[in-house]
Amino acid sequence: MPLLTTKLYIPPVRPRLVSRPRLIELMNAGMHRKLSLLSAPAGFGKTTLLSECAARCGRSVAWLSLGESDNDPTRFLAYLIAALQSIEPRFGKGVLSKLQAPQAPPVASLLVDLINELAAMPDSFVLVLDDYHLIEAKSIHDALTFLLDHQPPQMHLIVSTRKDPPLPIARLRGRSQLTELRQNDLRFTHDEAADFLNKAMGLRLSTDDVAALASRTEGWI
């Protein structure tokens, strides 16, 4: 199946980016856990934060921007493999050939093959799934849950979404295997709002004006 390669590109860090070191520090501190979950409505800077994190985390990063058309489990797995091939070109070639067979094996058996290959990767890496709220297929949620249950230690998964996905979030939280950044975490602080309005936007607002805007928008970027 044809794959859109631009879905695998890590968004470049913007030239006038308002750097958010407090959030980058939280993300980096959780890299030993299985999952980082960024869950907040549109406009809170999730993708922008992840692009900065990808540039600063010191690990290889595989990126997949998801869309509504990725709700087919075969297509999802093909894109997942393509994303991981950006850091390990030989990854998943056997599974891809099975996906292209007239009668593909069950997804569960393909996941076992993929996880075994992930476990054999020599270096630590990050897999980012951006816009996961567009995925509604239960089979894909089940597949990602299986991956989380058997995830090798050198892999860290980051999921960015506008709503909490049906993944074992409570269980991961209880086992200290989850880092969460939510709406309140992603709001601009007063200093970040000042940087955005005065440096990025060039508005030259007074301290009182910045405070008023930050209060009125409740930190919504």
Side-chain angles (χ1 to χ4, degrees), residues 8 10 20 22-40 44 46-47 49-66 70 73 76-77 79-88 91-92 95 107-186:
L8 312 176
I10 301 174
R20 313 191 75 185
R22 64 185 178 90
L23 298 182
I24 296 296
E25 185 177 349
L26 285 173
M27 295 286 292
N28 287 338
M31 286 293 173
H32 66 285
R33 302 187 176 106
K34 286 189 173 185
L35 174 66
S36 288
L37 177 67
L38 277 68
S39 182
F44 277 89
K46 299 184 294 297
T47 300
L49 173 63
L50 287 181
S51 68
E52 184 183 9
C53 184
R56 296 189 178 190
C57 71
R59 299 186 181 197
S60 298
V61 177
W63 184 288
L64 174 55
S65 296
L66 294 163
D70 301 322
F76 180 86
L77 281 182
Y79 266 117
L80 191 70
I81 291 169
L84 290 162
Q85 284 180 344
S86 68
I87 59 177
E88 179 51 66
F91 179 84
V95 173
V107 171
S109 67
L110 297 177
L111 285 172
V112 171
D113 292 340
L114 288 179
I115 291 171
N116 287 338
E117 288 195 53
L118 291 172
M121 293 178 70
D123 300 316
S124 297
F125 65 95
V126 177
L127 171 62
V128 176
L129 301 180
D130 197 20
D131 288 336
Y132 192 80
H133 56 274
L134 296 174
I135 299 299
E136 299 177 347
K138 182 179 183 300
S139 57
I140 295 178
H141 298 318
D142 291 344
L144 199 59
T145 296
F146 185 84
L147 174 59
L148 284 165
D149 287 342
H150 304 282
Q151 186 171 310
Q154 64 267 47
M155 172 179 167
H156 182 72
L157 178 65
I158 299 178
V159 171
S160 174
T161 177
R162 295 181 186 178
K163 59 183 180 181
D164 280 10
L167 300 174
I169 295 173
R171 186 173 74 220
L172 291 169
R173 185 187 296 125
R175 296 177 178 177
S176 297
Q177 295 175 337
L178 174 67
T179 296
E180 298 175 81
L181 270 68
R182 298 188 173 275
Q183 183 172 325
N184 285 337
D185 302 301
L186 294 167

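Worth knowing before you read on, the calculation uses all heavy atoms, side chains too, and leaves out hydrogens, waters and symmetry mates.
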Q: State the CE-OG distance between M27 and S36, to the nearest 0.5 angstrom.
A: 4.5 Å

(Q) What's the separation between atom OG in S160 and atom CG in D131, rounded to the nearest 0.5 Å? (A) 6.0 Å

Q. Does the side chain to side chain contact (heavy atoms under 4.5 Å, CB included) test come out yes or no for R182 and L37, once each step is laid out?
A. CA-CA 8 Å; R182 298 188 173 275; L37 177 67; 3.7 Å; yes

Q: List the atom of A83, the atom of L127, and the distance in Å for their closest heavy-atom pair.
A: CB-CD1, 4.5 Å

Q.
Test side chain to side chain contact (heavy atoms under 4.5 Å, CB included) on N28 and E25; report intermediate values, then the result.
A. CA-CA 5 Å; N28 287 338; E25 185 177 349; 5.9 Å; no

(Q) For the backbone of L35 and the side chain of Q177, can you confirm whether one donor and one acceptor N or O come within less than 3.5 Å of each other? (A) no

Q: Mark yes when over 12 heavy atoms from residues, nucleotides or ligands other than Q183 sit less than 6.0 Å from its CD; otherwise mark no.
A: yes

Q: Show your reasoning for whether side chain to side chain contact (heavy atoms under 4.5 Å, CB included) applies to E180 and L172.
A: CA-CA 11 Å; E180 298 175 81; L172 291 169; over 6 Å; no

Q) Heavy atoms, side chains only, cut-off 4.5 Å: are I135 and T161 in contact? A) no

Q) Between atom CG of D130 and atom OG1 of T47, what is the distance when rounded to the nearest 0.5 Å? A) 3.5 Å

Q) Which pair of heavy atoms, one from G92 and one from E117, lies closest together, and at what distance? A) N-OE1, 2.9 Å

Q. Which atom pair, heavy atoms only, marks the closest approach of L8 to L64?
A. CD2-CD1, 3.9 Å

Q.
Give me the atom names and distance for the closest heavy-atom approach of S65 to D70.
A. O-OD2, 4.2 Å

(Q) If you define the side chain from C-beta out and look only at heavy atoms, does anything of F44 sit under 4.5 Å from L49? (A) no

Q: Please confirm whether the backbone N or O of H32 pairs with a side-chain atom of H156, one donor and one acceptor, at under 3.5 Å?
A: no

Q: Over all heavy atoms of both residues, which pair between V107 and P73 is shortest? Give the atoms and the distance, please.
A: CG2-CB, 4.3 Å

Q. Got Y132 and I140 here, is their nearest side-chain heavy-atom distance under 4.5 Å?
A. yes

Q: Any chance you could lay out the salt bridge (Lys or Arg N to Asp or Glu O under 4.0 Å) test for R20 and D185, step after step, and finish with the verdict?
A: CA-CA 11 Å; R20 313 191 75 185; D185 302 301; over 6 Å; no

Q. Which value, rounded to the nearest 0.5 Å, describes the distance between W63 atom CH2 and S86 atom OG?
A. 12.0 Å

Q: Compare all side-chain heavy atoms of L114 with those of F91 and state whether any distance is below 4.5 angstrom.
A: yes

Q. Are the side chains of K46 and I158 in touch, meaning some heavy atoms are under 4.5 Å apart?
A. no

Q.
Please find the pair of heavy atoms, one from K34 and one from L148, that lie closest to each other, and give the distance.
A. NZ-O, 2.7 Å

Q) Is L157 close to L144 at the side-chain level, that is, under 4.5 Å between some pair of heavy atoms? A) yes

Q.
If I take atom CZ from residue R162 and atom OG from residue S39, how far apart are they, to the nearest 0.5 angstrom?
A. 11.5 Å

Q) Quick one: NE2 on H150 to CG on L111, what's the gap to the nearest 0.5 Å? A) 9.5 Å

Q: For Y79 and L66, run side chain to side chain contact (heavy atoms under 4.5 Å, CB included): C-alpha distance rounded to whole Å, both residues' side-chain angles, the deciding distance at 0.1 Å, then the answer.
A: CA-CA 9 Å; Y79 266 117; L66 294 163; 5.9 Å; no

Q | Sub-4.5 Å side-chain heavy-atom contact between L23 and L26 | A | yes

(Q) Between R22 and I24, is there a side-chain heavy-atom distance shorter than 4.5 Å? (A) no

Q) Would you say the side-chain atoms of Q154 pair up with the backbone N or O of D123, donor to acceptor, closer than 3.5 Å? A) no

